[in-house]
Amino acid sequence: MRIDIVSIFPEYLAPLELSLVGKARTSGLLDVHVHDLRDSTTDRHHTVDDTPFGGGAGMVMRPDVWGVALDGLLGEASHLLIPTPSGTTFTQRTAEALATQEHLVIACGRYEGIDARVAEHYRERGIRVSEVSIGDYVLNGGEVAALVLVEAVARLLPGVVGNPQSLVEESHGLAGLLEYPVYTKPPSWAGLEAPDVLLSGHHGRVERWRRDQALTRTAELRPDLIAALDVAMLDRADLAR
Ligand SMILES: Nc1nc2cc(Br)ccc2s1
């Protein structure tokens, strides 16, 4: 997979050189390129924004500058992602779908956002365009969202995570449940004991305890996920164990 990210703050994407994503890049499992939007300007001030039509506070990012940047990156196999608080919610299911794509291009907006004609223009040209929200809060730009998108997608690529089984059991994994609580040594700490069942060595009991915990936690903390629970996925999760 190739991922291109366009931003006026390319240095914000430096964390993508670290850890899991960094290793995936080094090993050739993932090809990430970060571009400075200001390289697509033509004026000596490298202007990327202007005042909003219709008035209002703040500035809007110019469509012509974005057009130059994105024309140089997008192809028929590309999927353009535009992080925005007014987009569709990014979930693990979204990450799974994006992990099957060949080429992602992430346009990081700043100020009041990117001129709406950018998304419209590329949709009209047959490019897949998704405006995605990583949550109901407003950031100062799309760069943090880009870090979230890239990490959530990259870790699903074959070979990136050491033990693919962990992708099944984690929160929002294959079964769509929250993960069960985890424990390790020492068995007793601060007057608190790890659950006896986990030290029993009885794998069947451990499996049942973990599944019950996942269901209970999900029902308590995220009842909305219970409604969306796909029993078939739950069965698949069991099969994956
Ligand atoms: N939650 C989010 N806030 C923002 C703000 C800007 Br400006 C651009 C993208 C995003 S995604």
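Indexing begins at 1, ligand by ligand and atom by atom, following the structure's order. Model, not experiment: these values are computed from the prediction.
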[X]/[Y] ion pair, N-O < 4.0 Å:
| X | Y | answer |
| --- | --- | --- |
| Arg62 | Asp64 | yes |
| Glu96 | Arg93 | yes |
| Arg205 | Asp196 | no |

Which of the numbered atoms in ligand 1 are under 4.0 angstrom from any heavy atom belonging to [X]?
| X | value |
| --- | --- |
| Gly142 | 8 (C), 9 (C) |
| Asn140 | 7 (Br) |
| Gly109 | 8 (C) |

Closest protein heavy atom (residue, atom, distance) for [atom]:
| atom | value |
| --- | --- |
| atom 9 (C) of ligand 1 | Pro83 O, 3.2 Å |
| atom 4 (C) of ligand 1 | Pro85 CD, 3.5 Å |
| atom 1 (N) of ligand 1 | Tyr137 O, 2.8 Å |
| atom 5 (C) of ligand 1 | Leu139 O, 3.2 Å |
| atom 6 (C) of ligand 1 | Gly141 CA, 3.6 Å |
| atom 7 (Br) of ligand 1 | Tyr111 O, 3.2 Å |

Point to revise | N/O separation below 3.5 Å, Val138 to ligand 1 | key: no
Check your understanding: So, is Arg110 polar-close to ligand 1, with some N/O to N/O distance under 3.5 Å?
Key ->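 Arg110 vs ligand 1: no N/O contact under 3.5 Å.
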Review point. Counting only heavy atoms, which portion of Thr84 has something under 4.0 Å from ligand 1: side chain, backbone, both, or neither?
Key: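 Just the backbone.
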Practice item. Report yes if some heavy atom in the side chain of Thr47 is under 4.5 Å from a heavy atom in the side chain of Thr41; otherwise report no. Key: no
Exercise for review: Determine, stepwise, if the pair Glu179 / Arg217 fulfils salt bridge (Lys or Arg N to Asp or Glu O under 4.0 Å).
Suggested key: CA-CA 8 Å; Glu179 194 173 62; Arg217 281 168 68 96; over 6 Å; no
Review point. Can Ser86 and Thr84 be counted as having a side-chain donor-acceptor contact under 3.5 angstrom?
Key: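 The criterion, which ignores hydrogens and geometry beyond distance, is satisfied for Thr84 and Ser86.
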**Study point:** Donor-acceptor pair between Thr91 and His172 side chains, under 3.5 angstrom
**Key:**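 Short answer, no.
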Review point. Only one of Leu70, Leu74, Val105 forms a side-chain contact (heavy atoms from CB on, under 4.5 Å) with Ile127, so which one is it?
Key: Leu74
